[in-house]
Amino acid sequence: MSLFLTYGLRNLFVRKLTTTMTVLGMGLVVFVFAAVLMLAHGLEETLVDTGSPDNAIVVRAAASAETVSIMSRDQAGVARTQPEVALKADGTPVATNELIVMVNLDKRKNGDAGNVIIRGTTPDIFVLRSGIKLTAGRMFTPGTSEIIAGKRAAENFKGCALGEHISSAMRDWNVVGVFDAGGTGFDSELWGDVEQIQQVFKRPIYSSVTLRLKDAAQFDALKKRLEADPRMTVDVKRERQFYTEQSQATATFIRVIGLLVSIIFAVGAVIGAMITMYASVSNRTVEIGTLRAIGFSRTRILGVFLIESVWLSILGWVVGVIAASAMSLVTVSTTNWDTFAELAFSFALSPRILIGSLVFSVVMGLVGGFLPAVRASRARIVESLREAA
Amino acid sequence: MAAPVVEVQNVSKQYHRDKVEIRVLSNLSLSIPEGGFVALMGPSGSGKTTLLNLIAGIDRPDSGQVIVAGTAVHSLGESQLAKWRTRHIGFIFQFYNLLPVLTAYGNVELPLLLTKLSSKERREHVETALNLVGLGDRMKHYPRQLSGGQEQRVAIARAIVTDPTVIVADEPTGDLDKQSATEILDLLGRLNTEFGKTIVMVTHDPRAAERAKVVRHLDKGELN
Ligand SMILES: Nc1ncnc2c1ncn2[C@@H]1O[C@H](COP(=O)(O)OP(=O)(O)OP(=O)(O)O)[C@@H](O)[C@H]1O
Ligand SMILES: [Mg+2]
């Protein structure tokens, strides 16, 4: 590596204590910045993966979430019998008519109440969403008040583990199975028989129809025909896109708050870097004079100190990112504001977050190092050299 | 008589301190031929360092001309002057002024980083310079691992590695014991006689001055 680059790093190692303190300060800011982005990203990933690429979902026109969508039995019947829908061996469509209801349950951790989605569905849901596996117990029996629970719902809410039961709509619902939906939004749901849920909750309608396309490329044809059908007033969306849209309000909120907090913290870290670099410049007055005498231009001196400051910020980035990556082991559960249902998800790191936080950190280093570097570059040679005596 | 490498003509320099005007150099002229070795002596505060700085192109006169290696130094702009110094001036300081985080090798290489030399060429130059000052076996040592005399020899290697026209030395033995001082003076003498380097040296030490071909005394702003 070029001497110009390593020189700054070497000088930082000479002043171990101040360097460590400054790096920790910057690391904290990078940690907050990266962790917040990881949280928003984790939320988005959870919901994106909730959909599969060759599924389409039909909901009432302008319904942003299934929780606010209503479709009649007739409309659902039209949707599932379209020619683009894939068929099972017995000639019936690979599609589920689903009804979403919300129940209020207590969290295991602190007893607080949270909204949980009960999805009325049919056994075909395992055909449509082949990534989802029963990990314990068995499938619910249609026509009964049995339910199965997503693994995060089972962990987080009282009464949702295998063998337990919840009371809702004057009925006990027995949990006979637990499924793993691979960290997607379904993991926070309870599933039961749609006909039962329509009856018990007295809602003889559907929220949505999810269907498998014979060929993902036929989506546009299906969408065009169904949305133009005068009987329907529906929106047809790719399932992935539909669930992704449900993360936007919450993800944006997390990002905005997180960036505000990061920027406030960053002001502190920048001042820290500035103090450190001013100290570095005034300790090295003679050195600066010597370099200038030898022929280093003002611009080079400016560069020398900016590079040193950027090293500080890169070290801070490393510390912050290591700390933040430990966060990907943590799962959080919060209300998704697009559906108002409780959703569990993890902090998720991505290359974009790594690069974004590096840029953020380097900008802090450049801003903090700028004024000290300007002072170094402006020093008069003769006066700097006189400080030796 | 060789052509002058250093031509200081009618140079004046003054400082202001709290409205008091301090005349440091008044209408001073000095000419040093190629291969010359001049010792500047004089009482403290007489302006020796100031004169040396003018010759080295790190300070500017209030009036008069400083012509070194054929260039009117006082007329160059800041960045041209920096390039000019890399090319023509080698600096030796009283307190060596080595960079503590760099090895002997790194310190000597420093001025070469400003040239277009490849890293292989730089290595050859650095090794030659360090061997010349007798520190070929200390390349990987840091300044704190060297004695004062050795540090000053590294500084001399740094001053000569670019093969400059003029070497300026401000009290190069001022911080050294007798024996180290002798070694440094021997080295400067060799640079002058064997390699024909032009040297301007400020010193308080009469023994050091003896080594020079010419001794000039500076007092009250004037040369004798
Ligand atoms: N930046 C400055 N501002 C004001 N006065 C200065 C400045 N630099 C030097 N002087 C004054 O100029 C005079 C000459 O200084 P100079 O350093 O050239 O002397 P010198 O002969 O090298 O002395 P010494 O032997 O102590 O090194 C001194 O009186 C000094 O105080
Ligand atoms: Mg002096």
Side-chain angles (χ1 to χ4, degrees), chain A residues 1-19 276-277 279-305 307-309 311-312 315 374-389, chain B residues 13 15 24 44 49-54 56-60 77-103 105-115 119 122 126 142-144 155 158-159 161-162 164 168 170-171 174-175:
Chain A
M1 220 191 309
S2 143
L3 186 76
F4 284 120
L5 296 182
T6 56
Y7 175 68
L9 198 57
R10 288 168 196 231
N11 275 299
L12 290 178
F13 281 121
V14 172
R15 296 166 284 127
K16 285 196 184 64
L17 186 66
T18 31
T19 299
T276 303
M277 290 309 298
S280 177
V281 169
S282 57
N283 284 337
R284 278 148 68 195
T285 311
V286 177
E287 190 173 310
I288 294 165
T290 307
L291 288 171
R292 289 288 310 283
I294 287 173
F296 281 65
S297 64
R298 285 174 188 250
T299 323
R300 272 191 197 268
I301 299 292
L302 188 83
V304 161
F305 283 92
I307 288 171
E308 188 166 322
S309 182
W311 271 121
L312 270 180
L315 293 175
V374 166
R375 171 183 286 186
S377 73
R378 293 247 173 103
R380 298 200 46 220
I381 305 174
V382 171
E383 259 123 66
S384 306
L385 288 172
R386 274 184 198 276
E387 301 235 333
Chain B
K13 178 85 184 170
Y15 290 106
V24 183
S44 186
T49 298
T50 304
L51 176 56
L52 200 68
N53 289 345
L54 292 176
I58 55 176
D59 204 355
R60 292 168 192 277
E78 185 88 47
S79 64
Q80 286 171 300
L81 200 53
K83 286 201 188 92
W84 177 85
R85 285 195 299 269
T86 309
R87 173 75 195 81
H88 292 290
I89 304 290
F91 285 89
I92 302 170
F93 304 94
Q94 179 175 2
F95 300 104
Y96 336 125
N97 294 12
L98 298 178
L99 272 53
V101 300
L102 300 183
T103 59
Y105 184 94
N107 270 285
V108 177
E109 190 184 19
L110 216 46
L112 296 180
L113 296 176
L114 299 169
T115 67
S119 68
R122 290 204 302 268
V126 172
Y142 286 90
R144 63 170 182 281
R158 179 179 67 186
V161 75
T162 50
V168 298
D170 196 348
E171 302 188 38
D175 199 46

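First the proteins, then the strands, lettered A, B, ... as listed; each starts at 1.
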A:V382 vs B:T49, side chain to side chain contact (heavy atoms under 4.5 Å, CB included): CA-CA, chis, key distance, verdict: CA-CA 9 Å; A:V382 171; B:T49 298; over 6 Å; no
Working for side chain to side chain contact (heavy atoms under 4.5 Å, CB included), residues B:F95 and A:V286: CA-CA 10 Å; B:F95 300 104; A:V286 177; over 6 Å; no
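Every pair passing salt bridge (Lys or Arg N to Asp or Glu O under 4.0 Å) that includes a residue from residues 290-303 of chain A is listed here, sequence neighbours excluded: A:R292-B:E78, A:R298-B:E78.
Only the side chain of B:N53 has a heavy atom closer than 4.5 Å to any heavy atom of chain A. For a residue to count as touching a neighbouring chain, one of its non-hydrogen atoms must lie under 4.5 Å from one of that chain's; by this rule B:I89 does not touch chain A. Contact of B:R158 with chain A is made through the side chain alone, with heavy-atom distances under 4.5 Å. For A:F296, the parts lying near chain B are the backbone and the side chain together; criterion is any non-hydrogen pair under 4.5 Å.
Residues A:T290 and B:F93 meet the side-chain proximity criterion, which asks for heavy atoms closer than 4.5 Å. Here the side chains of B:R85 and A:I381 are in contact, with some heavy-atom distance below 4.5 Å. At a threshold of 4.5 Å between non-hydrogen side-chain atoms, the residues A:R284 and B:L99 do not count as touching. In this structure, the side chains of A:L385 and B:I58 come closer than 4.5 Å at one or more pairs of heavy atoms.
The two atoms that bring A:R10 and B:L102 nearest to each other are NH1-CD2, 4.0 Å, heavy atoms only.
In terms of heavy-atom pairs under 4.5 angstrom with chain B, the leader among A:I294, A:V14, A:N11 is A:I294. Put simply, of B:L81, B:D170, B:L98, B:T86, the one with the most heavy-atom pairs under 4.5 Å next to chain A is B:T86.
Within 6.0 Å of the CZ atom in B:R122, the count of heavy atoms belonging to other residues, nucleotides or ligands exceeds 12.
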